[in-house]
Structures are given as structure tokens and as C-alpha cells.
2 protein chains.
Amino acid sequence: MMDEGIERMLEAIPQLPVEQARLCRLMLMVGGRMDEALDEKLKSQQLIDSEFLTLLILYSSPDGSSTPGELCEFTSQGSTNMTRIGNALVKRGLISRGASAEDRRRVVIRITAAGRRFVLKMLPPMFPRVEAMFAGFSATERSQLSRLLRKLAKNLDQLDAENAS
Amino acid sequence: MMDEGIERMLEAIPQLPVEQARLCRLMLMVGGRMDEALDEKLKSQQLIDSEFLTLLILYSSPDGSSTPGELCEFTSQGSTNMTRIGNALVKRGLISRGASAEDRRRVVIRITAAGRRFVLKMLPPMFPRVEAMFAGFSATERSQLSRLLRKLAKNLDQLDAENAS
DNA sequence: GGATCATATTTCACTGGTGAAATAAATTGT
DNA sequence: ACAATTTATTTCACCAGTGAAATATGATCC
């Protein structure tokens, strides 16, 4: 629908690697829209994605607990924000926070029973949408897409690594 | 690297359409990282993505001009934000703003020569990165990815349309 | 010519997130 | 036992973007 724009760019800038540029745009577009869709779903439950992600990580952690520091790593959030997320989730009774017994500098964050119930209630309504997204995709296509995305992710990792060094 | 988390979710919630959920996560992850990478590049030029996008649209418009209203549509930004973007780009001399001759309610925004030079200076440094992203992709793989992403985009369109109606 | 509609801007309060710096409290190293 | 380090929180100022409401101005309809 707005593919035309990029075509005109190509005329103006012949060095541009066309197909790759188009793929970038596609990835950014599709990724952005999925992100929006997720945000919207979460908004209806008064949650934001970083909070939900934190909750999911706790849910899927073996013992349902973690520490702010760990959660910062997993969610790639800053510690300032993690504290805020903790506050929000505690206020809603979805997690509990307390001092660790072994190392009392640490705060141990644990998902509550209500938190688990909440996750189990949240997820199923998301599935139909997820399935509709990939409607018409054969198993082969799904695994192709998965493979290509992983390949792309790997290249991005490499680029980041080079950048860092 | 953090695929384990989702595996544990699957044990807890057997109805979950595994492959699709994984694809979602992949898309969100890869899309997010590309977005970050773009933001970073732009940040080094003191630009934000909505400003850059606006500039690109102007660049690739046949006569290099548009109106705030149109740009709102194309960039899916609100009018408030579009005004702000205009202010920023005018201040940097990349666009000009003036009243339209035909309809004087309209403001006509036009990319300046400096704006065009800026775009032409900005884009080339992005190409190597773009090419590195798709390193190791054969032409077949690129067109496969493109096809699958378009298919996905189409499904998303349909979902949005159903939602709206 | 006056009501209505369209376009753009301004103001304002808000959201989600960032990043630095200061502080508090506990652990570790020696 | 004291310094250095680790962990978490608080405070603060900021950024990009949202959305509503009010305003200004010009166009259109009849």
C-alpha cells in the first residue's frame, strides 16, 4: 500500500540494496503492528508489556521467584524501572516482595497464587488471535519463517557483538 | 538463549499453539531489535524516527511537498505530534512551512535542498548494516521471507478490519 | 452573509520509559 | 574491623508520544 514510496527512493539512490531495504521495512512494519496488538490486549487488562513480561518470567521460573537484578537482565529493563514494575505488581497482589534469607541485600520477588491465576486467565484469549495471525501458513511455512527469523536474529547478534568490541 | 522460558509455559498451558507462540516471540524480538538499531543510528544524527520518516516521505513525494494532514495519515501520527515534528524539522532547516495558495487553511510542508542533502547523507551509512543483517541469505531465502512476511501482514490487516467492524 | 465544516496550532495533563546520582543496607575481602 | 563491593531503592530531570479541549483561520453550503 505504501510500497510506492520506497520505489521512488530507489530511483533517487541507486546504490540502495533494494530487496534488503524492503525486507527491513517489512520487518519493522509487521513487528510494530504485532507489538501494538499486544499492547492493546494488555491495556484492556491495565497492564503494560514490561509488567506482563516480568510476570510471565516469574510464572515460568521453576520456583516462581526471582530477584530484581535477575529480572532486569531478562527483561532488559533498568533497575529504576524494575522497582517501579515491582511496585505496580505488588499493589495488584500479583507478586510478593520480601528480603532474601541467605543474602539480605537481595529482594526476592515471587509470583502469588493470584498472579498465577491471572496469567492463566490472560493467555487463552490471546491464542485465537495468534492462530489467526498465522492462518493459511502450512507447517512448512511456519518452520521456514522460524528458520529465517532465527538466522536474522543471529546476524543481529553478530552485529551487536562487533559493535560492542 | 531464553527459549527455555517459553518451554516451561508450554508444560503449564497445554492448549497453547506452540509454534505460533514461538513465531510471535521471534517476530517481536527481531522486530524490536531492528527498531532499536534504527533508533540508535538516528539518535547519532539527533533525529527521532517519526521525524526521519516524515522527511523520507517528503523526499520520496513527487514534488517534495505535502501537508500536515497527509503526513499524519502516512506516518500514523496525531496532529499534535505532527506539528511538533514540523517545528523540529523547520528549526533544522530540513523543511519549509508556508500557507497553501489554493486553500489557505492548509499548510504546505516542503523538503528543502538541505533536507534532500541530509537524506542522501544519512542513507548510505545505513546500507552496510542492512546488508550485514541479511548476510548469508540467498536470493531464494530473501524472497521466501518477503513472501511470508507479506502473508503475515495480510492476516494482520484482516484481523484489524474485523476488529474495526 | 451567516452557519457549518475543515485544517492547523496551542496548551495541558498524562503515559511509559531512560539515565544519572545519591542513599541505604548487607556482604565480602583482607 | 574496616574498606570495598553488591543490591535495591529513591529522587530527579528528561524524552517521545498520546489525547482532549480550546482557539484561530479559512472554505463551503444554501
Side-chain angles (χ1 to χ4, degrees), chain A residues 28 32-33 35-55 57-58 65-92 95-110, chain B residues 28 32-33 35-55 57-58 65-92 95-110:
Chain A
L28 287 172
R33 296 199 32 198
D35 210 76
E36 273 175 37
L38 177 58
D39 282 355
E40 208 177 324
K41 274 278 176 220
L42 292 178
K43 198 166 189 173
S44 72
Q45 308 293 324
Q46 322 267 42
L47 268 191
I48 57 184
D49 60 353
S50 56
E51 291 166 359
F52 189 57
L53 177 57
T54 303
L55 201 56
I57 290 172
L58 287 170
S65 75
S66 186
T67 66
E70 268 184 355
L71 292 172
C72 282
E73 278 182 39
F74 293 161
T75 61
S76 49
Q77 297 279 336
S79 55
T80 300
N81 204 25
M82 197 61 241
T83 298
R84 194 169 58 75
I85 291 169
N87 292 340
L89 294 179
V90 163
K91 195 187 295 180
R92 297 188 53 170
I95 65 169
S96 68
R97 237 181 339 193
S100 157
E102 311 91 58
D103 183 340
R104 285 168 46 204
R105 287 170 305 186
R106 273 191 161 78
V107 166
V108 45
I109 288 180
R110 169 165 284 119
Chain B
L28 288 171
R33 295 198 34 196
D35 209 78
E36 274 173 37
L38 177 58
D39 282 354
E40 209 177 324
K41 275 279 177 219
L42 292 178
K43 198 165 189 174
S44 73
Q45 308 293 324
Q46 321 268 46
L47 269 191
I48 57 182
D49 59 355
S50 57
E51 290 167 0
F52 188 58
L53 178 56
T54 302
L55 201 57
I57 289 173
L58 287 170
S65 75
S66 186
T67 65
E70 269 183 355
L71 292 172
C72 282
E73 278 181 39
F74 293 163
T75 62
S76 49
Q77 295 280 336
S79 55
T80 302
N81 203 27
M82 197 61 239
T83 298
R84 193 169 59 74
I85 290 169
N87 293 341
L89 294 179
V90 165
K91 195 186 295 180
R92 296 187 54 169
I95 65 170
S96 70
R97 236 181 336 192
S100 158
E102 313 91 58
D103 183 341
R104 288 172 40 212
R105 288 170 303 186
R106 273 190 162 76
V107 166
V108 47
I109 289 179
R110 169 165 283 118

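Every chain is numbered from 1, with letters handed out A, B, ... down the list of sequences.
Rounded to whole angstrom, the span from the CG atom of A/Leu53 across to the C1' atom of C/dG17 amounts to 14 Å. When the P atom of D/dG17 is taken as reference, atom CG of B/Leu42 falls 11 Å away, rounded to whole Å. Rounded to whole Å, atom P of D/dA16 lies 16 Å from atom CD of B/Glu36. The distance from atom CG of A/Asn81 to atom C1' of D/dA16 is 15 Å, rounded to the nearest whole Å. Rounding to whole angstrom units, NZ of residue B/Lys43 and C1' of C/dG17 are separated by 11 Å. Between the CG atom of A/Leu71 and the P atom of D/dT7 there is a distance of 14 Å, rounded to whole Å. Rounded to an integer number of Å, the gap from A/Asp39 CG to C/dT15 C1' is 12 Å. Separating the CZ atom of A/Phe52 from the C1' atom of C/dG16 is a distance of 18 Å, rounded to the nearest angstrom.
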Output a table of nitrogen or oxygen pairs between the protein and nucleotides 9-12 of chain D separated by less than 3.5 Å.
unit_1 : atom_1 : unit_2  : atom_2 : d
D/dT9  : OP2    : A/Thr83 : OG1    : 3.2

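Remark: A/Arg92 engages no residue in a side chain to side chain donor-acceptor pair (under 3.5 Å) (not counting sequence neighbours). Taking the side chain to side chain donor-acceptor pair (under 3.5 Å) definition, one finds that A/Arg104 meets it with nothing, sequence neighbours left out. A/Asp39 pairs by the side chain to side chain donor-acceptor pair (under 3.5 Å) definition with nothing, not counting sequence neighbours. The side chain to side chain donor-acceptor pair (under 3.5 Å) search around B/Gln77 returns B/Asn81, not counting sequence neighbours.
Side-chain contact between B/Arg97 and B/Asn87 is present, with heavy atoms from C-beta onward closer than 4.5 Å. Looking only at side-chain heavy atoms (C-beta outward), B/Leu28 and A/Asp35 come within less than 4.5 Å of each other.
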Evaluate side-chain contact (heavy atoms from CB on, under 4.5 Å) for A/Ser100 paired with A/Val107, printing each intermediate quantity in order.
CA-CA 6 Å; A/Ser100 157; A/Val107 166; over 6 Å; no
Before you tell me yes or no, could you show the steps for A/Leu38 and A/Leu42 under side-chain contact (heavy atoms from CB on, under 4.5 Å), namely the whole-Å CA-CA distance, both residues' side-chain angles and the distance that decides it to 0.1 Å?
CA-CA 6 Å; A/Leu38 177 58; A/Leu42 292 178; 4.1 Å; yes
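Distance CD1/B/Ile85 to OG/B/Ser79: 11.0 Å, rounded to 0.5 Å.
Across the interface with DNA chain C, nearest-nucleotide mapping of A/Ile48 and B/Val108 shows B/Val108 to be the residue nearer the 5′ end.
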Which nucleotides of nucleotides 25-30 of chain D have their base under 4.0 Å from a protein heavy atom (B), which only their sugar-phosphate (S), and which neither (-), written as one string 5' to 3'?
BBS---
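Between B/Gln77 and the phosphate of D/dA16, there is no side-chain N or O to OP1/OP2 separation shorter than 4.0 Å. Within the 4.0 Å cut-off from OP1 or OP2 of D/dG17, at least one side-chain nitrogen or oxygen of B/Arg84 is found.
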